[in-house]
Each structure stands twice: as C-alpha cells, then as structure tokens.
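I have placed the structure first, in the form of structure tokens, so that the comments after it can refer back to it.
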Amino acid sequence: MSSPSTSVSRSTFDEVMVPNYVPGAIVPVRGQGSRIWDQDDKEYIDFACGIAVTVLGHCHPKLVAALTEQGNKLWHLSNVVTNEPALRLASKLTEKTFAERVFFANSGGEANEAAFKLARRYGNTRAEGKNEIISFHNAFHGRTLFTVSVGGQAKYTQGFEPIPGGITHLPFNDVAALEAAISDKTCAVVMEPLQGEGGILPATAEFARAARELCNKHDALLVYDEVQTGMGRTGELYAYMGLGVTPDILTTAKGLGGGFPIGAMLTTKAIADYLPFGTHGSTYGGNPLGCAVAEAVLDTVSEPAVLEGVQVRAEKIRARLDALGERYGVFGPTRGLGLLIGAPMSEAWKGRAKEIVNAGWKHGVWCLVAGPDVLRIAPSLIIPEAELELGLERLEAAVAELCA
Ligand SMILES: *Cc1c(COP(=O)(O)O)cnc(C)c1O
C-alpha cells in the first residue's frame, strides 16, 4: 500500500480543497533553476516563476543556504521582540531605496493592506474627511476585502458586499481624469508602475509624473504597488527607479522572498510616524526565517550582473515572441518592462491566451496569462541561455500545433 503522500494526485485536489482554484493537470514535485519536474518526472521550463515570484529560479544555492542556516538557528519570535534578519533586511531595503522605514508582512495583499491603512490614518489625522483613495481600472492589489476593493476589477468584489467605501476608480494612464477627480479629500493615489494582472500595461512617464505632481498639490500619498514589478523584475531593483518618480509608500512581495512568503511596505520616516505603537500589526510579519531568505534574495538580485542580465534576456524573448506571433497570427507586438512580458492576443485569438498556456504545458513549458487576452512570460532573472532557448522552442512547438 502506498503512503498518502505518494498516492495524492491532481484528482485529490477536488476531493479535499476549497474549489476557489482550478490547478493545472500535473503536480510538480521538484525544481532546479528554471526547470521543474512533475510526478511522472516530465520536465518543464519555467517561464512563470510561480506568478513572477521565484526571481532566482528554484533552489538557488544561496537561498537554500540562507534558509537552512536560519532554519537551524531560529524560526519565529513574533513582534514582541525584534530579530537580526529583520533588522538586516530592513537596513538593506532602506539603503537601496528612497525609504527610511519598513513594515514587514507575509504577502503582497498584506503589504498593501498596511499601505492603505497607513494612507487612511495619514489623511484622517491631517484633515477631517481626508480619506478618499483613488485607484485605477484593471488594477490588482490583492484579495483581502480592502485590497480587492481598491483593486479595479469588479469580478473580485462581486458577492462580497458590502465593500469598504471611499474608493474611486479611474481609467489608467488618463491624466485628465486624475486631475478632475483628485482633491484635498484624497488621502492616496494607488497605482502599479506597470499593471501586471491587468494585462502587462506600463504607466506612461507622463502619467507617472502627473500623479506625483497632483499628489504633492493635494497632500495625498502616492502609493506604488510594486508587488509584481519589484525585486529586479523590470531590470531595476524597483520599477520606480526607471520611471524617475519616487512614491511615498512602496509595497513589495512576490520576488522579495524568491518563493518564501514575505511582503513589505516601505515609506519615509515622516509618513511612518502615522502608524504609531498599536495601530497595526502581524504575528508572522518580519519573522527571522522569511527575512533571512529575503536578505539573500536582495543581496543576489542587487548584483549588477543580475540586473544587467534582465534586459539582455528580455530583448531576446521579445524578439522571438514578436516573430512567433507574427508568423502564426496569434499575438503581438509584445509589451512590458524587463522580464515582465505580455503578448496581447490578436483579433482572431481574443480571449484565448489560456489555450496557449495549456498547449505549453503539453510541450513542456510553463507560461502564464494576464487576463484572457494576454500571454504573460515572467522567467527567472537568471534563467540560463540553454533553458531560455529550450523554453522558446517548446512554446513555438505549442503554438505551431495549435495553429496546425
Ligand atoms: C500578486 C499581487 C498582489 C497580491 O499579492 P499576494 O501575495 O497574492 O497577496 C498585489 N499587487 C500586485 C501588483 C500583485 O501582482
């Protein structure tokens, strides 16, 4: 008789799990670099990174070393006392960014929850009724009730009413709409420098600048959700650095832990003072194990060779995808920043991005969608040449078969 751990399979999911996900047909069991293997030992090239998370691939030796070293030392304390890995990670994050203060959470949604609560408290403290949040259509900020409400996709709030009020959604990259809506009642403008889940849509430089200026004019906080764009994904440590606009609050998660769940909210000292003792908290936030891993991720991603390699890989992938999309008429031209790449479906393929992902699985490459109309590629920042080539070949074979 096989033990329960070896006899589980994809069908077990439907018997024991809440049906809010519909996972793919195979169950991966191990990974190394940019390759993963399923229960039948079939190999896949990873162009997905667990949704733009595993920025250094699977089982990177430096991350495994950090995890095991800390794992043998100290896992958890709570925030009743502080710990060395959290203090080191916060020091490095403040050295490398605009920020002077850090709050640790365990996910992107939690980092955003902290950011939005801080923005509300900042506004309410400074002026009566200054608590309105402006965010954008198709934005994604997480799945807590507050973060889905600030997010700009109605499908994620439907059925969860009543939802928190005081939130206005505007079209993204529309300077005139923002100018018309912002006022002294606004406490925050929340945006992704590049909308990820919404379809790989970068903010224009003009819009980013206007949002910064309008926030200054109305004493509103500019909040950058860099949960997906952060930690080297765009070729900068954080995307704001490439835009030339500095936010007041920045949230980071996904790539930060390289696969270990951790999130953080970064801000200035003056703004951080609006969250004094007792106003917010988390049991696990800043736990030594997560912070030790994230410190190793930050150290490694910050190496110039890693950040420089992002652009080289991105150009190669985009040229190949553009050629592939044109040849078969499925998608194109690609868009995005660094290794966060979107291929919008052609007219004939509207709504069918998922079919390409499924065909990719069959051919041994794992890609993502960003909504029904965009194929998303988000490989490891250090994916080796051979894996990159093989993944592109497999994706090409998948598209060729679909179009045959
Ligand atoms: C993934 C994502 C989130 C949510 O992060 P979780 O870790 O799933 O809570 C928030 N914002 C953006 C931009 C994201 O891509």
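Numbering of ligands and ligand atoms starts at 1, following listing order.
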- Query: When the aromatic ring centroids of Y156 and F140 are compared, is their separation below 6.0 Å?
  - Reply: yes
- Message: Looking at K350 and E347, is there a salt bridge between them, counting it only when a charged N and a carboxylate O are closer than 4.0 Å?
- Response: yes
- Look at the rings of F103 and H280 and say which category their plane angle falls in: under 30° parallel, 30 to 60° tilted, over 60° perpendicular. tilted
- By chain and number, the residues contacting ligand 1 below 4.0 angstrom (heavy atoms only) are S107, G108, G109, N112, F140, H141, G142, E192, D225, V227, Q228, K254
- Message: Under the salt bridge (Lys or Arg N to Asp or Glu O under 4.0 Å) definition, can you give me all pairs with a residue in residues 151-178, not counting sequence neighbours?
- Response: none
- Does CD belonging to E326 count more than 12 external heavy atoms closer than 6.0 Å? no
- Item | Salt bridge K316-E385, side-chain N to carboxylate O under 4.0 Å | yes
